[in-house]
**Q** 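Take this structure, written in structure tokens, and hold onto it; I'll ask about it next.
Residue numbers begin at 1 in each chain, while the letters A, B, ... track the order of the sequences. Heavy-atom basis, side chains included; hydrogens, waters and symmetry copies ignored.
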Amino acid sequence: MEQSEFNSPGYSIPPEMQAQVSITTLDRIYNWGRRASVWPLMFGLACCAIEMICTAASRYDLARFGMEIMRPSPRQSDLMIVSGTVTKKMVPTIVRLYNQMPEPKYVLAMGACASGGGPFKEGYNVISGVDKYIPVDVYVPGCPPTPQALLNGLIKIQEKISGESIKKARWYQKGPDQAEIAIPMLGPDLIDPRKIDLIKTNGNKA
Amino acid sequence: MNDMYGKGIVKGLSVSLKRFVQTYLDDLRWIGKRYRTDEGIAHRSSKDARGIFTVQYPEEKLPVPEEFRFVPFLVYDRGENGEQNLRCTSCGICSKVCPPQCIWIVRSTDPSTGRPVPDPAEFFVDVDICMNCGLCAEFCPFDAIKMDHDYELASFGRNVFNKQKLAKPVSYYESVRPANAARENAARAAKEAARTARTE
Amino acid sequence: MTTPTTTSTFDLGTSFPGKVSPDPRPGYSGWIVNKDDLVALATALRDEHGFDYLSSVTGVDYFPDNILEVVYNLYKTTGGPGLLFKVQLPRQDPVEVASLVGIFPGAELQEREIWDLYGIRFTGHPDLRRIFMWESFDGHPLRKDWHEAYFEDEAKPFKSRWPEGKFSLAEAKNIYEDNIAYPAGFDPEAQSYDSEKALYESLKVYQKDEIGLDTDHIVVNLGPQHPSTHGVFRIAVVLDGETIVSLKPVMGYLHRNHEKIGERNTFLMNMPYTDRLDYLSSMSNNFGYALAVEKLMNVQPTERAEYIRVMMAEMTRIANHLMAIGALLNDLGTYFTPMLYALEERELLLDIFEAVSGSRMMCNYFRFGGVARDLPEGVLEKIKDLFFERLPRQIDEIDRFLTENEIIRSRGIGQGVLTAADAIRFSAAGPLLRASGIPYDVRRAEPYGIYDRFEFDVCVRQNGDIYDRLMIRFDEIRQSMRIVQQAVKQIPVGPVLSVKPAYQVRVPAGEVYSRVEGPKGELGFYLISNGKPNPWRYHVRAPSFINLTAFGPMCVGHKVADVVAVLGSIDIVLGEVDR
């Protein structure tokens with residue numbers, strides 16, 4: 001995981017494009033600062049949360065990656081590790097928390113339940129994967145993934161962060177400030193506001 | 001209550017201090033061979049571990065025991081021309097015993113006669129449902145599906161494994177599970193010997 | 001080995017003639033009580049006959065016979081086998097029966113669960129709201145004719161997996177791409193949904209303080225995302241300044257439909273699912289389930305398997321208590337250092353679990369008739385090293401670290417008191433019950449496995465405050481170490497499975513309620529089989545869930561900061577609370 005491997009252009013730069021080289025170096029510093037101090041949101045749902053706590057404990061130390069500060073408040077965190085089964089009753093809270101996280105933010109779906117419903121996929125209160133509601137960056141399979149597997153996933157997040165560039169970052173472009181996700185409601189079953197038209201057309205069928 | 005108020009707190013802090021000092025004294029005693037070596041890792045996860053307890057993944061990987069189960073994989077034997085002969089006969093027991101039903105098997109049929117052939121045409125394991133229970137490997141009668149040790153499966157998308165991704169050679173199986181492989185080979189050899197003894 | 005019986009030798013028929021009748025179905029034990037005599041019977045059993053502990057209340061749906069049943073389990077806190085009786089109700093709405101909350105307050109949360117999942121209304125219940133699902137949810141899910149959107153087949157294995165096992169994601173079959181279905185003609189914009197109104201109404205039940213200035217009360221929600229609620233658990237409190245006036249726990253954020261999935265699984269398939277109930281002590285859950293099914297199948301495990309089972313169960317108890325101590329100290333404000341020390345020992349125990357069963361937490365190790373495989377080479381040596389040399393030393397160190405700490409003593413002694421009488425009334429179990437002075441331990445009251453061969457003491461503390469609940473866990477760790485030290489010396493060689501390994505087990509028809517002493521309390525499994533490969537009813541008597549009945553009364557009058565400490569001392573695990 002050498003820093004020089006990331007964001008190096010890989011070719012010699014002609015003089016007329018020297019201006020872009022400074023952006024590349026700036027990218028490297030910017031991404032190094034961001035990936036070396038990702039602060040996860042202290043958000044454990046189920047059994048995978050115990051493995052997350054064990055990852056933060058002394059044997060598989062998260063502090064070596066700069067992630068030991070697990071902030072309870074979403075306003076101060078960068079990474080949401082969704083560890084555990086996502087149930088319909090909990091989804092409005094999860095979406096609200098995701099909206100409250102400031103950008104740049106990342107989501108890691110830890111475990112089989114967060115990735116795709118897991119062994120409880122057929123349950124009437126279970127969502128088949130948290131990526132139905134919030135965008136997920138890295139999926140870590142396993143039930144539960146061992147702390148070393150979770151660390152592998154976190155290293156993948158760091159790789160993803162290193163591959164980003166200031167020029168293309170969403171939060172520096174023109175456009176709306178936040179990509180907010182509409183919060184689902186709890187009616188006779190979970191209602192996703194993005195699918196209201198679908199519900200109406202489907203309900204009007206016989 | 002006590003002679004000095006704060007005595008309990010001081011006692012607790014002395015325990016932390018003792019561990020702190022022990023870590024650095026042990027570092028001196030091991031003279032630099034303590035980290036990133038196998039003996040160092042083994043010492044730090046044994047009953048004599050004291051002071052620092054961390055196993056620094058990814059530079060130091062804690063070895064997993066033989067029985068460790070993560071996701072399943074299919075075992076193939078190497079044929080004469082180097083082709084992969086999957087041991088799986090698509091009997092379907094693993095997909096029947098899987099608790100969350102995450103194994104899909106299509107039994108292949110002989111194109112000319114239309115009779116079923118003991119070979120899987122398609123074999124899918126949805127790893128995003130798999131609960132790593134190991135029942136598929138426990139009840140396979142042909143030693144065809146076993147539980148893998150590889151846990152570094154994090155990816156940027158959903159994980160559904162098809163037959164190609166699941167197939168791994170027998171040599172790999174014997175390297176990760178030597179005692180189990182030896183026991184199964186012995187059992188198979190004994191059955192072969194019994195069968196040849198009966199036919200003679 | 002003792003094989004405990006579920007029914008007591010107490011004959012209900014002679015004490016209450018005309019009101020009860022023995023259950024006639026084959027394989028069933030227990031008594032059927034007339035619906036109208038229920039309250040009188042329960043009062044008489046508690047006051048005159050000494051059955052003062054209501055262990056579990058559960059519902060069953062006999063769909064083809066058009067009957068809904070409510071099944072009650074009573075025990076005496078002096079020990080011995082229990083009493084199982086049931087009330088049968090016709091399956092037409094409205095289905096009503098009298099509530100037992102006035103006699104046994106421990107039934108409060110369990111009756112709400114039956115209302116939520118079965119639709120049986122309990123008249124006289126002080127606060128009958130849904131507990132796992134939200135208020136506006138449509139239907140009562142555990143009824144046999146209620147099918148979820150992903151419904152494929154009544155029982156596993158599903159035919160779609162083999163031999164024509166064309167892979168498809170379950171989401172592709174549903175138009176909403178998720179396990180969601182709406183009633184016919186549903187218009188999502190027709191009304192707004194407020195699931196919280198009933199909760200806030202129920203919070204208003206408290207005494208307003210008449211002295212001093214007239215102040216306002218504020219409602220605060222702790223959770224579901226909170227650093228100290230041990231998972232997704234929500235507490236709604238009404239505060240007068242910093243003092244708690246009224247408290248209601250809200251759960252269901254991790255309701256994973258364990259029981260409904262359990263009814264679709266075969267008996268063997270349920271074993272890995274029991275790991276995920278109390279996910280900190282998976283071997284203990286396996287033990288309870290294996291015992292229940294073995295009772296139905298009438299199968300005994302081998303000697304070596306019995307010893308291995310006891311060793312694994314006690315090691316699980318130690319691992320769980322280490323985590324509980326760490327989490328409670330974390331809640332008290334020591335910010336993670338003692339937890340790191342406790343987790344270090346727990347990691348060494350998890351290494352042994354990994355070597356034996358293959359996984360640190362989800363062990364899936366027990367089978368019907370023994371355990372899945374034998375101990376590998378060298379594991380017994382590792383256990384001996386840990387239990388004779390390392391663990392006693394380290395537990396003493398953690399003890400020395402913290403038990404004389406002035407802050408923990410002042411925050412723990414005298415706070416969050418649960419009196420002995422209250423503990424029995426609220427059906428508290430496990431360390432919560434024993435810290436209040438009642439020496440009830442299922443391993444002694446109704447021994448299972450080979451626990452009658454070991455010498456160990458039942459740990460009891462008298463005050464029932466937070467400090468006692470912390471110290472009793474140290475006591476229990478020491479007693480568990482004693483048991484493992486004896487077991488390691490006495491373990492024989494031999495086979496570990498008494499029947500041939502089979503994935504389709506034959507379980508004769510009948511019902512069974514079997515319980516073990518889990519680390520958090522009495523873990524019970526109520527199983528009904530009708531001879532098919534899948535259970536008809538599968539219910540888990542979850543100790544954390546029922547211990548929460550005492551949570552509200554324990555906290556009223558304390559400050560908000562103590563709520564967190566009391567919750568940590570009850571030691572709940574959401575996988576068990578919500579199932």
**Q** Relative to A/Tyr98, does A/Lys105 satisfy both conditions: NZ or CZ under 6.0 angstrom from the six-membered ring centre, and within 45 degrees of the ring's axis?
**A**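 Output yes; distance and angle both within limits.
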**Q** Which bit of B/Gln101 is near chain A, if near means a heavy-atom gap under 4.5 Å: side chain, backbone, both or neither?
**A** neither
**Q** When you look at CZ of B/Arg115, are more than 12 heavy atoms from neighbouring residues, nucleotides or ligands closer to it than 6.0 Å?
**A**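 No, the 6.0 Å shell around CZ holds no more than 12 heavy atoms from other groups.
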**Q** So, taking the atom named CD1 in B/Ile145 and the one named CD1 in B/Ile93, what distance separates them when rounded to the nearest 0.5 Å?
**A** 12.0 Å
**Q** Pick one of side chain, backbone, both or neither for B/Ile52, based on which atoms fall under 4.5 Å of a heavy atom in chain A.
**A**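 Neither part, no heavy atoms under 4.5 Å.
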**Q** Measuring heavy-atom distances to chain B, does A/Asp137 have an atom under 4.5 Å in its side chain, in its backbone, in both, or in neither?
**A** backbone
**Q** List the steps and the verdict of side-chain hydrogen bond (donor to acceptor under 3.5 Å, both in side chains) for B/Asp119 and B/Ser108.
**A** CA-CA 6 Å; B/Asp119 202 47; B/Ser108 38; 4.6 Å; no
**Q** I'd like a table of donor-acceptor pairs (distance under 3.5 Å, sequence neighbours excluded) in which one partner is a side-chain atom from residues 80-87 of chain A, with atom names and distances.
**A**
| residue | atom | partner | partner atom | Å |
| --- | --- | --- | --- | --- |
| A/Ser83 | OG | A/Phe43 | O | 3.4 |
| A/Thr85 | OG1 | C/Arg256 | NH1 | 3.1 |
| A/Thr87 | OG1 | C/Tyr253 | O | 2.6 |

**Q** For the CG atom of B/Asp126 and the SG atom of B/Cys102, what is their distance to the nearest 0.5 Å?
**A**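 If we round to the nearest 0.5 Å, B/Asp126:CG and B/Cys102:SG are 6.5 Å apart.
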**Q** At a 4.5 Å cut-off on heavy atoms, which part of B/Val127 comes close to chain A: side chain, backbone, both, or neither?
**A** both
**Q** Relative to chain B, which segment of A/Lys156 carries a heavy atom at a distance below 4.5 Å: side chain, backbone, both, or neither?
**A**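 Both backbone and side chain.
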**Q** Pick from B/Phe70, B/Tyr57, B/Phe53: which one has the most heavy-atom pairs with chain A under 4.5 Å?
**A**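 So the answer, after comparing B/Phe70, B/Tyr57, B/Phe53, is B/Tyr57.
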**Q** Charged N to carboxylate O under 4.0 angstrom, A/Arg34 versus A/Glu164?
**A** yes
**Q** Applying a heavy-atom distance below 4.5 Å, give me the residues of residues 169-180 of chain B that approach chain A, sorted by number.
**A**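 Residues qualifying by a heavy atom under 4.5 Å from chain A are absent, so none.
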**Q** Which residue pairs pass the salt bridge (charged side-chain N to carboxylate O under 4.0 Å, His left out) test when at least one of the two sits in residues 64-85 of chain A, sequence neighbours left out?
**A**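 For residues 64-85 of chain A: none.
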**Q** Distance check, rounded to the nearest 0.5 Å: B/Trp104 atom CH2 versus B/Ser95 atom OG?
**A**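 Between atom CH2 of B/Trp104 and atom OG of B/Ser95 there are 10.0 Å.
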**Q** Take atom CG of B/Asp38 as the centre, draw a 6.0 Å sphere, and report whether it contains more than 12 heavy atoms from other residues, nucleotides or ligands.
**A**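 Incorrect, the count does not exceed 12.
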**Q** Can you confirm whether the side chains of A/Tyr139 and A/Asp131 place a donor and an acceptor under 3.5 Å from each other?
**A** yes
**Q** Is there a side-chain contact between B/Cys130 and A/Cys143, using heavy atoms and a 4.5 Å cut-off?
**A**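 No, too far: nothing below the 4.5 Å cut-off.
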**Q** Report, by ascending residue number, the residues of residues 146-166 of chain B in heavy-atom contact with chain A at a distance under 4.5 Å; give 'none' if the set is empty.
**A** B/Tyr151, B/Glu152, B/Leu153, B/Ala154, B/Ser155, B/Phe156, B/Gly157, B/Arg158, B/Asn159
